[in-house]
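Report on the structure given below.
Order of listing sets the numbers, starting from 1, for every ligand and every atom in it. Quick caveat, the model's predicted, so the values are computed rather than measured.
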Amino acid sequence: MARNKIALIGAGQIGGTLALLAGLKDLGDVVLFDIVDGVPQGKALDIAEAAPVEGFDATYAGASDYAAIKGADVVIVTAGVPRKPGMSRDDLIGINLKVMQAVGEGIKTHAPDAFVICITNPLDAMVWALQKFSGLPTNKIVGMAGVLDSARFRHFLAEEFKVSVEDVTAFVLGGHGDDMVPLTRYSTVAGVPLTDLVKLGWTTQEKLDAMVERTRKGGGEIVNLLKTGSAFYAPAASAIAMAESYLRDKKRVLPCAAYLDGQYGVSGMFIGVPIVIGANGVERVLEVTFDAAEKTMFDKSVASVAGLIEACKGVDSNLA
Ligand code: A3D
């Protein structure tokens, strides 16, 4: 049986980490693509030389020509620029929109059957633009944000409760911005909602509110510490979980930026919602019910993403 092929567009901090994790998890052969000649080739060789130590069999190639991604089963896109301290994700639109155009055309020509995971920021607008530029069916392209945002929330909760991260589930919906929507009612420790854990005295409402706020600002916290770039280990791990669910038809239920066609009252946009990822890509959108406060938060987040899409249309009239 042929091995799967994973193409990574962008061989920077996240791209390199994705390449290593794909090997460690035996997901398939890896091609790293970047416009900076030498970097994808160097990272590919370095990881290939780690394979005998770690004991995984995969081929690694670096490329600066889109022909190398031909026939990829999964494409993960991190091409573009990340944030620096003081920048919002939205400040990246001008540069990263042009990058999405080049990447979209490369995918359309060489890997039109792939399942594509976009990570480039501002996420919800870039995945929307990438779908337009690539012409991919909307069930074959998603954005990675919710798995990461939920993982950050899970980490803070596990630390607060002093329990295993494995037993903490968290639900973070909406756009990947400071007005994302962490839903405490749907987040649990071993099935017990956080709202009940407050009643049981495991934590206080104030502490819970602070963890929600820290989750919302989680990306900025790391940008401020690193100073020269943004988070990359957890973003890479999150995208690998999504790729694995597709390649192994696991049908995991993961919060991702998915194309909505009427669900949650939204159409024609990618927004973070729980979806089932299996061999057919996005197989199902799970629609949960909101209370009034949650609905207000969700609508605000959708409005910010709509604003970003309008900004993209302003930059590139072909998208209008
Ligand atoms: P970085 O280490 O700078 O890597 C980006 C790579 O893209 C560099 O190697 C560039 O050379 C390459 N590149 C630039 N233009 C092109 C192009 N036209 N074609 C191919 N490659 C190109 O950044 P990173 O890996 O830290 O982050 C990558 C992206 O992910 C940024 O836009 C971040 O903002 C974003 N990001 C998103 C999340 C989410 O949760 C959505 C989290 C963290 C980072």
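Residue contacts with ligand 1 for I119 involve both N, CA, C or O and side-chain atoms from C-beta outward (heavy atoms, distance under 4.0 Å). Contact annotation for A102 and ligand 1: no heavy atom of the residue comes within less than 4.0 Å of the ligand.
In this structure, atom 28 (C) of ligand 1 lies nearest to the protein heavy atom T78 O, 3.1 Å. Counting only heavy atoms of the protein, atom 8 (C) of ligand 1 lies nearest to D34 OD2, 3.5 Å. Here the heavy atom of the protein found nearest to atom 39 (C) of ligand 1 is H176 NE2, 3.4 Å. Scanning the protein for heavy atoms near atom 43 (C) of ligand 1, the closest one is A231 O, 3.5 Å. When only non-hydrogen protein atoms are considered, atom 15 (N) of ligand 1 lies nearest to I35 CD1, 3.4 Å. Among protein heavy atoms, the minimum distance from atom 4 (O) of ligand 1 is reached at G12 CA, 3.3 Å. Shortest contact from atom 36 (N) of ligand 1 to any protein heavy atom: N121 ND2, 3.4 Å. When hydrogens are left out, the protein atom nearest atom 26 (O) of ligand 1 is Q13 CB, 3.6 Å; that is the closest non-hydrogen contact.
Atoms of ligand 1 lying under 4.0 Å from at least one heavy atom of N96, given by number and element, are 32 (O). Residue P235 approaches ligand 1 through these ligand atoms, each under 4.0 Å from one of its heavy atoms: 42 (C), 43 (C). Remark: ligand 1 atoms within the under-4.0 Å shell around heavy atoms of M144 are 39 (C), 40 (O), 41 (C). Residue V81 approaches ligand 1 through these ligand atoms, each under 4.0 Å from one of its heavy atoms: 31 (C), 32 (O), 34 (O). Shown in contact with L123 at under 4.0 Å from a heavy atom are these atoms of ligand 1, numbered in order with element: 41 (C). The V36 neighbourhood of ligand 1 comprises atoms 11 (O), with distances under 4.0 Å to a heavy atom of that residue.
Ion pair R152/E221 not flagged as a salt bridge, since none of the NZ, NE, NH1 or NH2 atoms sits closer than 4.0 Å to an Asp/Glu carboxylate oxygen. For R248 and E244, the salt-bridge test passes: some basic side-chain N is under 4.0 Å from an acidic carboxylate O. We find that K295 and D299 are joined by a salt bridge, their nearest charged nitrogen and carboxylate oxygen being less than 4.0 Å apart. A salt bridge is defined here as a Lys NZ or Arg NE, NH1 or NH2 lying under 4.0 Å from an Asp or Glu carboxylate O, and K108 with E105 fails to meet this definition. Note on D91 versus R89: no salt bridge recorded, every NZ/NE/NH1/NH2 to OD/OE distance being 4.0 Å or above.
The heavy atom nearest to atom 5 (C) of ligand 1, considering only G218, A234, A79, G80, is found in G80. For atom 3 (O) of ligand 1, the candidate residues are G15, P82, G219; the nearest heavy-atom contact is made by P82.
Heavy-atom distances between S230 and ligand 1 reach below 4.0 Å in at least one pair. Put simply, no part of V39 is less than 4.0 Å from ligand 1, judged by heavy atoms.
Listed for the E283 side chain is a donor-acceptor partner under 3.5 Å among the backbone atoms of N280.
Inter-residue side-chain proximity for R252 and M242 is flagged as unmet; no heavy-atom pair is nearer than 4.5 Å.
Shown here is K84, whose NZ atom has no more than 12 heavy atoms of other residues, nucleotides or ligands within 6.0 Å.
Partners of Y60 by ring pair (Phe, Tyr, Trp, His ring centres under 6.0 Å), not counting sequence neighbours: none found.
Put simply, I119 and Y233 are part of the same group of oily side chains (I, L, V, M, F, W, Y) that touch within less than 4.5 Å, one to the next.
Checked against a 3.5 angstrom limit, the closest N/O atoms of I14 and ligand 1 fall inside it. Considering backbone and side-chain atoms together, R83 places no N or O closer than 3.5 Å to any N or O of ligand 1.
Ring orientation note: the planes of F270 and Y259 are nearly perpendicular, at an angle over 60° on the 30°/60° scale.
With side-chain heavy atoms closer than 4.5 Å counting as contact, directly or through intermediates, the hydrophobic cluster containing L157 also holds F153, F156, F161, V163, V168, V172, M180, V189, V192, L194, L197, V198, L200, W202, L208, M211, V212.
Closest heavy-atom contact between H110 and P112: C-CD, 3.5 Å.
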